[in-house]
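What follows is one structure encoded as structure tokens, with my remarks underneath.
In each ligand, atom 1 is the first atom listed, and ligand 1 is the first ligand listed.
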Amino acid sequence: MKKRIVILPGDGIGKEVTTEGKKVLDKIAEIFGHEFEYDEATIGHDAIEATGNPLPDESLTKMKKADAILFGAVGHPKYDNDPSLKVRPEQGLLKMRKELGLYANLRPIKLFDELLEASSIKPEILKGSDILFFRELTGDVYFGEKGRKDDGNTAYDLMIYQRYEIERIAHKAFQAARTRKKKVTSVDKANVLESSRLWRAVVQEIGTQYPDVTLEHTFIDTAAMKLIQNPKSFDVVLTGNLFGDILTDEASQIAGSMGMLASASVGYTIGLYEPIHGSAHDITGKGIANPLASILSVALMLDISFGLKAEAEAVITAVEHTLKQGWRTADIADAKTAKDKILNTQHMGTKIVEQLSGQSLNPTALNTASSIASNFIS
Ligand code: NAD
């Protein structure tokens with residue numbers, strides 16, 4: 001298979017982790033006989049420094065011509081420390097999502113048994129958790145009208161949803177639930193917010209087209225509590241942009257670290273794959289970022305954008321085996337981890353590549369049951 005992939009490293013640890021993701025793509029191409037052609041594009045702080053624009057047209061043009069995009073993260077302390085700066089890295093991220101029509105963000109919360117001890121939640125509560133989040137990505141307060149009143153002391157961000165935006169992501173969530181445990185939990189704040197009342201009514205309506213899927217509605221505050229009280233009670237979680245942003249960071253604690261969670265942003269044609277974490281200024285340049293979220297994002301790309309399920313499974317199996325052998329990055333090490341088992345970013349990437357080389361790869365024998373499945377890009 002021949003595919004064109006745009007790599008968008010972005011800022012901070014984005015550069016460090018996408019380098020490792022690409023290493024894994026190269027190995028997969030070599031083993032399975034594919035041809036992946038790469039192009040690189042800028043976004044975020046680096047793009048602002050170079051062009052004054054957080055998402056230059058040139059980057060967008062490259063992305064529109066690609067078969068898939070591997071993204072790192074954006075963000076820089078300069079902007080975090082000065083909210084008055086008008087041009088900001090995150091604007092590039094929001095524009096990219098909107099321009100590419102990436103309205104559905106899939107965030108699988110996959111817990112590797114080897115990391116049960118890395119979480120601050122009790123292992124007996126965590127074991128067996130398997131959640132697939134559908135976070136709406138191009139609506140809500142992030143895209144609604146925002147501003148300040150003339151006095152400067154009043155600010156607003158409009159929380160807004162239109163019916164079609166809710167319908168299209170609800171269909172995707174119900175379709176995914178059919179390939180899993182057939183349960184959708186829709187998260188909103190319908191007791192207070194009008195946009196949530198529309199959200200709930202539309203999801204309820206769409207649900208009638210999927211009578212084999214159980215639908216439940218939960219308020220965001222209750223969902224936040226239940227997520228750590230009983231994560232196993234969730235299968236597919238469907239929610240808006242803001243609630244999804246917050247809930248999935250909380251859910252990263254189920255997987256042990258932000259450095260373990262991958263995501264896929266999909267819509268009509270192209271797919272974008274990225275870790276859920278940000279540019280992590282606190283560890284940038286130290287070589288200690290966990291690259292597994294980026295590597296697992298590569299697995300999602302192979303599965304969802306290219307339909308290469310055996311290849312995706314090979315990557316997930318390589319991660320699993322590496323963890324089973326006790327290898328860790330600092331964020332997922334625990335008190336029992338020996339010092340010589342803690343790897344830096346680059347060495348963790350190399351370990352995964354070595355695992356891939358060592359696997360007896362018989363594509364038909366690989367168990368693809370745990371793959372994200374279903375064709376999300378139509
Ligand atoms: P963050 O996700 O960057 O980091 C949160 C914490 O998790 C930090 O302590 C960090 O060290 C740790 N962490 C994150 N990824 C890790 C990894 N791969 N390995 C080990 N530890 C990891 O969130 P933040 O600190 O709130 O934000 C930093 C910057 O990132 C901000 O400028 C923010 O706007 C931006 N941001 C960007 C995105 C994105 O590009 N999609 C998402 C979230 C935040």
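Considering both main-chain and side-chain atoms, Val74 comes within under 3.5 Å of ligand 1 through a nitrogen or oxygen pair. Every N/O-N/O distance between Gly72 and ligand 1 stays at or above 3.5 Å. Taking any N or O of Ala280, backbone or side chain, at least one lies under 3.5 Å from an N or O belonging to ligand 1.
Of the protein's non-hydrogen atoms, Leu93 CD2, 3.8 Å is the one closest to atom 39 (C) of ligand 1. Protein heavy atom at the shortest distance from atom 14 (C) of ligand 1 is His277 CB, 3.6 Å. Ranking the protein heavy atoms by distance from atom 33 (C) of ligand 1 puts Glu90 OE2, 3.8 Å first. The protein heavy atom nearest to atom 21 (N) of ligand 1 is Ile283 CD1, 3.6 Å. Here the heavy atom of the protein found nearest to atom 9 (O) of ligand 1 is Asp282 OD2, 2.8 Å. Closest to atom 19 (N) of ligand 1, if we only count protein heavy atoms, is Asn290 N, 2.9 Å. Counting only heavy atoms of the protein, atom 2 (O) of ligand 1 lies nearest to Gly278 N, 2.7 Å. At the shortest separation from atom 41 (N) of ligand 1 among protein heavy atoms lies Glu274 OE1, 3.4 Å.
Using modelled atom types, one finds a donor on one side chain and an acceptor on the other under 3.5 Å when comparing Tyr142 with Asp245.
Residue-environment remark: NZ (Lys324) exceeds the threshold of 12 foreign heavy atoms within 6.0 Å. Shown here is Asp57, whose CG atom has no more than 12 heavy atoms of other residues, nucleotides or ligands within 6.0 Å. Within a 6.0 Å radius of CD in Glu250, other residues, nucleotides and ligands contribute more than 12 heavy atoms.
Linking Ile, Leu, Val, Met, Phe, Trp and Tyr residues whenever their side-chain heavy atoms come within less than 4.5 Å places Phe174 and Val236 in a single cluster.
Under a 4.0 Å N-O distance rule, the pair Arg4/Asp39 qualifies as a salt bridge. Ion pair Lys22/Asp26 flagged as a salt bridge, since at least one NZ, NE, NH1 or NH2 atom sits closer than 4.0 Å to an Asp/Glu carboxylate oxygen. Salt-bridge annotation for Glu205 and Arg200: absent, with no side-chain N of the basic residue lying under 4.0 Å from a carboxylate O of the acidic one. Between Asp235 and Lys182, none of the side-chain N atoms (NZ, or NE/NH1/NH2) sits under 4.0 Å from a carboxylate O, so this pair counts as no salt bridge. Salt bridge present: Glu99 and Lys64 bring a charged side-chain N and a carboxylate O closer than 4.0 Å. Using a 4.0 Å cut-off between a side-chain N of Lys or Arg and a carboxylate O of Asp or Glu, Lys189 and Glu194 do not qualify as a salt bridge. We find that Glu216 and Lys183 are joined by a salt bridge, their nearest charged nitrogen and carboxylate oxygen being less than 4.0 Å apart.
Evaluated by nearest non-hydrogen atom to atom 32 (O) of ligand 1, the leading choice among Leu292, Leu261, Thr284, Asp80 is Asp80. Closest heavy-atom approach to atom 30 (O) of ligand 1 within the set Ser279, Ala293, Ala330: this belongs to Ser279.
In summary, the atoms of ligand 1 found under 4.0 Å from a heavy atom of Met258, numbered by their order in the structure, are 2 (O), 7 (O), 14 (C). Atoms of ligand 1 lying under 4.0 Å from any heavy atom of His76, numbered from 1 in the order shown and given with element: 32 (O). Under a 4.0 Å criterion applied to the non-hydrogen atoms of Ala73, ligand 1 contributes the atoms 40 (O). Close approach of ligand 1 to Ile13 (heavy-atom distance below 4.0 Å) involves ligand atoms 15 (N), 16 (C), 17 (C), 18 (N). Per-residue contacts place Gly259 under 4.0 angstrom from the following atoms of ligand 1 (heavy atoms of the residue considered): 17 (C), 18 (N). Applying the 4.0 Å criterion to heavy atoms of Gly75 picks out, from ligand 1, the atoms 32 (O).
Of all heavy-atom pairs spanning Glu16 and Gly287, the tightest one is OE1-N, 4.0 Å.
By the 6.0 Å and 45° rule, Lys98 stacks over the aromatic ring of Phe143.
Within a 4.0 Å radius of atom 27 (O) of ligand 1, the protein contributes no heavy atom. Inside a 4.0 Å radius of atom 17 (C) of ligand 1 there is at least one protein heavy atom. By the definition of a contact as any protein heavy atom under 4.0 Å away, atom 24 (P) of ligand 1 is not in contact. Distance screen at 4.0 Å: atom 6 (C) of ligand 1 has no protein heavy-atom neighbour inside the cut-off.
Neither the backbone nor the side chain of Ile288 comes within 4.0 Å of ligand 1, counting heavy atoms alone.
By the 4.0 Å heavy-atom criterion, Ala289 is counted among the residues contacting ligand 1.
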Stepwise side-chain contact (heavy atoms from CB on, under 4.5 Å) check, Leu100 with Ile69: CA-CA 11 Å; Leu100 299 176; Ile69 301 158; 3.6 Å; yes

